[in-house]
Amino acid sequence: MNYEILELNKNLLEKYDVKKFVFKMIKDSYDLDYVPEYHYDVVGMTEYYINPKRSNFFLAISEDDKLIGTAAVRGYDKNYIIPDRTYTKKYTASIYRLFVDSEYRHNKIASNMLKSIENFCKKQEYNEIYLHTQRDSYGALPFWLNRGYVIVQDTHDEMGTIHMEKVLKNSNILKNESEEIEKVKIF
């Protein structure tokens, strides 16, 4: 499958109707409609992902010019209390909105978007990457575990929230500065 990974900008935000895609994926994945306390970053993509230097939002675009996946990263800005962890906006990146349209899954799209995020985080000198997922989210937990992320807290709450991290300092995947994203055929 041929696709390319692009960094979001204001022109692409409109061209691909990125907000609509993300809300569709949220609905498909979690059966949630717009919830202001959870989805403020989707409504404010420019404020959260385009303007800040240490934030980014990646798009996977198919060879027929269709948005098929997203992945976002920004400095940690939550107040989760996780035992033995201190995350800060300066040193900790957070992953958000990693989605691949169900028709395009199992083509390494999410893996390559994650590599884009990890390389971006290294360049921005983050020490670790934080994320949370839900136990019942299709394929999510095995995906993260297979890519070196570790569970730092399983909340056992009603949503099945699991907090995870990956330390970047001395991480084998990011040691080599010249490591590049797995080559994908660009059309």
Side-chain angles (χ1 to χ4, degrees), residues 5-10 12-13 18-19 21-22 25-26 29-30 37-60 69-100 108-134 137 139-155 159 161-182:
I5 296 174
L6 304 175
E7 293 185 19
L8 182 65
N9 60 44
K10 290 179 183 177
L12 297 177
L13 183 63
V18 177
K19 292 177 187 180
F21 176 86
V22 172
M25 297 305 299
I26 290 168
S29 300
Y30 307 110
E37 67 186 279
Y38 299 152
H39 305 132
Y40 55 89
D41 64 310
V42 180
V43 173
M45 285 190 167
T46 300
E47 175 186 352
Y48 284 93
Y49 300 113
I50 295 174
N51 289 342
K53 180 183 178 217
R54 297 184 78 215
S55 298
N56 214 330
F57 197 101
F58 297 94
L59 308 175
T70 60
V73 62
R74 68 177 193 254
Y76 181 85
D77 59 1
K78 300 293 182 188
N79 342 332
Y80 299 126
I81 298 171
I82 301 171
D84 303 320
R85 297 293 188 274
T86 303
Y87 298 130
T88 67
K89 190 169 189 166
K90 181 176 181 178
Y91 295 111
T92 310
S94 292
I95 294 177
Y96 292 90
R97 314 302 174 205
L98 181 54
F99 294 115
V100 175
K108 297 191 177 188
I109 296 167
S111 296
N112 282 316
M113 286 194 299
L114 180 59
K115 287 178 186 178
S116 294
I117 285 174
E118 290 178 347
N119 287 332
F120 175 81
C121 289
K122 174 131 168 75
K123 288 177 188 171
Q124 294 300 320
E125 298 181 353
Y126 285 112
N127 291 342
E128 65 267 333
I129 301 174
Y130 161 87
L131 66 96
H132 65 269
T133 190
Q134 280 69 42
S137 183
L141 192 55
F143 174 83
W144 294 114
L145 292 170
N146 287 329
R147 280 146 191 89
Y149 288 77
V150 297
I151 297 171
V152 294
Q153 183 183 38
D154 187 340
T155 65
M159 293 182 70
T161 305
I162 297 173
H163 298 277
M164 304 181 81
E165 75 176 12
K166 182 173 187 175
V167 175
L168 298 179
K169 296 283 182 178
N170 299 318
S171 174
N172 289 336
I173 192 168
L174 295 173
K175 269 187 181 173
N176 185 350
E177 295 272 342
S178 65
E179 178 181 67
E180 294 184 22
I181 298 169
E182 181 178 323

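Side-chain contact between I151 and L141 is present, with at least one heavy-atom pair separated by less than 4.5 Å. At a threshold of 4.5 Å between non-hydrogen side-chain atoms, the residues F58 and E7 count as touching. The shortest distance between side-chain heavy atoms of I95 and I129 falls below 4.5 Å. A 4.5 Å side-chain heavy-atom check between T86 and Y91 finds every atom pair outside the cut-off. A heavy-atom distance below 4.5 Å is found between the side chains of H39 and R97. For the pair L145 and M164, the minimum side-chain heavy-atom distance is below 4.5 Å.
Residues passing the side chain to side chain contact (heavy atoms under 4.5 Å, CB included) test with I82 are Y80, R85, Y87, Y130, V152, Q153, H163, sequence neighbours excluded. For the side chain to side chain contact (heavy atoms under 4.5 Å, CB included) test, residues two or more places apart in sequence or in another chain that qualify with F143 are L98, A110, S111, L114, R147. Residues that satisfy the side chain to side chain contact (heavy atoms under 4.5 Å, CB included) test with M25, not counting sequence neighbours, are F21, F99, R105. Taking the salt bridge (charged side-chain N to carboxylate O under 4.0 Å, His left out) definition, one finds that R74 meets it with D41, D77, sequence neighbours left out.
Checked against the 6.0 Å centroid threshold, Y40 and Y48 count as a close aromatic pair.
From L168, atom CG reaches atom CD of E118 across 7.0 Å, with rounding to the nearest 0.5 Å. Expressed to the nearest 0.5 Å, how far CH2 of W144 lies from CD of E165 amounts to 13.5 Å. Atoms CG and CD1, on L59 and I5 in that order, are 10.0 Å from each other to the nearest 0.5 Å. In this structure, Q124 CD and I117 CD1 are separated by 13.0 Å, a value rounded to the nearest 0.5 Å. Interatomic distance, I162 CD1 to Y149 OH, rounded to the nearest 0.5 Å: 15.5 Å. Here the CG-OG1 distance, from L8 to T46, works out to 7.5 Å after rounding to the nearest 0.5 Å.
Listed by first and then second residue, the salt bridge (Lys or Arg N to Asp or Glu O under 4.0 Å) pairs that reach into residues 86-96 come to none, sequence neighbours excluded. Counting only residues at least two apart or in different chains, salt bridge (Lys or Arg N to Asp or Glu O under 4.0 Å) contacts with residues 50-59 are absent.
A donor-acceptor pair is defined here as one N or O able to donate and one able to accept, closer than 3.5 Å; such a pair exists between the side chain of N119 and the backbone of K115. A donor-acceptor pair is defined here as one N or O able to donate and one able to accept, closer than 3.5 Å; no such pair exists between the side chain of T161 and the backbone of T155.
Of all heavy-atom pairs between S55 and G75, the closest is OG-N, 4.4 Å. Contact record, M159 with Q134: O-CG, 3.1 Å, taken as the closest heavy-atom pair.
Enclosure of atom NZ in K123 is not indicated, since only 12 or fewer non-hydrogen atoms of other residues, nucleotides or ligands lie within 6.0 angstrom.
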